[in-house]
Structures are given as structure tokens and as C-alpha cells.
Novice: 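Have a look at this one.
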Amino acid sequence: MASSLVSSLALVFLLLTISEAREMLVGGKAGAWKIPMSEDDSLNAWAASSRFRVGDSLVWKYDGEKDSVLQVTRDGYLSCNTTSPIEEYKGGNNTVKLERSGPHYFISGAEGHCEKGEKLIVVVLSQNHRRYTGISPAPSPAELEGPAVAPTSGAGSLKRGLGGLVAVGVLVLGFLF
Ligand SMILES: *[C@@H]1O[C@H](CO)[C@@H](O)[C@H](O)[C@H]1NC(C)=O
Ligand SMILES: *[C@@H]1O[C@H](CO)[C@@H](O)[C@H](O)[C@H]1NC(C)=O
């Protein structure tokens, strides 16, 4: 009994990981890692409109000859201190997996760029938060307005089957924790 519960929980986690891990292109497009033109154009404006979860990856695309990405502490972020980053990424094509919840701080490694606003705070949501947002998402306008035609393809019903399994698993987790 207990062991089958554990293995179904393991399956649920696997499904959650598969269905939810995403790659997020920083700034929403290649070349967005640069000095912003305005506040609205800033990378933090982009970050505020996105949701980041444990397991997601950030992807940077930029001119590797002119720039780099430094992961820094909060102090390093606030003072634009490029001297002792936690991690340094170079070359113009970097993928950084978000392994834990909480804030992650990034600044440009190019001299003077951080001071001009080329910096980013990504706040990664905890598992708890994911649980609450995952149970009963409100239908999107597209779903509400779409034609009421039942999908007939096998892939569609398989997907819904998995979705249901995940939802049940999330409910089980909700009772356990
Ligand atoms: C930047 O950080 C280094 C190492 O933590 C420190 O020694 C240095 O004083 C800092 N520079 C500034 C301008 O804060
Ligand atoms: C960027 O890196 C990813 C993974 O590291 C790789 O799959 C992709 O081909 C690279 N793209 C370019 C344009 O180098």
C-alpha cells in the first residue's frame, strides 16, 4: 500500500517535470540581453510578466564577442559588482537551469552595462506555489470562446488522461503535505 503510494507519487513528479519544465528565452527574443532603451523595455519588465518554476531553464542569446552573463549575489546585483560572480557565462548562447526557488540575480559582464540597466532578477516559484496554481486553472478566454467540438484524436485524449492523473496526484500531495 505505502510503496504503491510512493511509486505513484514518483510517477506524478516525473509527469510534472516532463510536462512543466520549460526553456525561457531571456527577454522573449534573441539579442534582448542588452542595455534597455527604457524602463518598459527592461529585462525586469519581461521577468515580471513571466512565471518561473523550479526545473525551468533560462536561455540567453546575445553577441558573445561583446557581452556575457554573470550570476551574482543580491549585493553584487545592487552594486553592479562584476569582480566575483557566483557563475560566469560566455559565448552568446547560455542555458541556466533554475534548481531552486527564490530570487536569482544576473548582470551583464560588459563594462558599464549593468549600471545602465542590463540586469535581471528572476524569482522562481516554490513547489507549494506550483501546487496552488496547478489544481484548477481558470479557463482562458480562448478556451471559453472556442468551438465546442470534442477532440477525436487519440493524442488529445491521452494528453487529457495524463492531465487528470497529474491533477489527482496534486490532490494527493495536497493531503499529504
Ligand atoms: C566587489 O566585490 C568584491 C568581492 O566581494 C569586493 O572586494 C569589492 O570591494 C567590491 N567592489 C565594490 C565596488 O563594491
Ligand atoms: C545553443 O545551445 C544549445 C544547448 O546548449 C544547443 O542545442 C544549440 O544548438 C545552440 N545554438 C547555437 C545557435 O549555437
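Any value given below was found using the heavy atoms of this structure, including those in side chains, with hydrogens, waters and symmetry copies removed. Counting starts at 1 for both ligands and their atoms, in listed order.
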Novice: List in chain and number order the residues that pass salt bridge (charged side-chain N to carboxylate O under 4.0 Å, His left out) with Asp41, two or more places apart in sequence or in another chain; answer none if no residue qualifies.
Specialist: none
Novice: Taking everything shown except Arg74 itself, do over 12 heavy atoms lie less than 6.0 Å from its CZ?
Specialist: no
Novice: For Glu23 and Thr95, what are the C-alpha separation, side-chain angles and deciding distance, and is it a side chain to side chain contact (heavy atoms under 4.5 Å, CB included)?
Specialist: CA-CA 8 Å; Glu23 293 207 330; Thr95 300; 4.3 Å; yes
Novice: With sequence neighbours excluded, what pairs up with Tyr77 under the ring-ring contact (aromatic ring centres under 6.0 Å, His included) test?
Specialist: Tyr105
Novice: Could you list the residues that satisfy side chain to side chain donor-acceptor pair (under 3.5 Å) with Trp33, not counting sequence neighbours?
Specialist: Glu118
Novice: Looking only at distances, can you tell me whether any N or O atom of Ser79, backbone or side chain, sits closer than 3.5 Å to an N or O atom of ligand 1?
Specialist: no
Novice: Side chains of Thr83 and Asn81: do they bring a donor and an acceptor to under 3.5 Å?
Specialist: yes
Novice: Shared ILVMFWY cluster between Met24 and Leu43, side chains joined below 4.5 angstrom?
Specialist: yes
Novice: By number and element, which atoms of ligand 1 are closer than 4.0 Å to a non-hydrogen atom of Thr83?
Specialist: 1 (C), 2 (O), 3 (C)
Novice: Output, or 'none' if empty, a list of ligand 2-protein atom pairs in which both atoms are N or O and the distance is under 3.5 Å, rounded to 0.1 Å.
Specialist:
residue	atom	partner	partner atom	Å
ligand 2	2 (O)	Asn93	OD1	3.4
ligand 2	2 (O)	Asn93	ND2	2.4
ligand 2	11 (N)	Asn93	ND2	2.9
ligand 2	14 (O)	Asn93	ND2	3.2

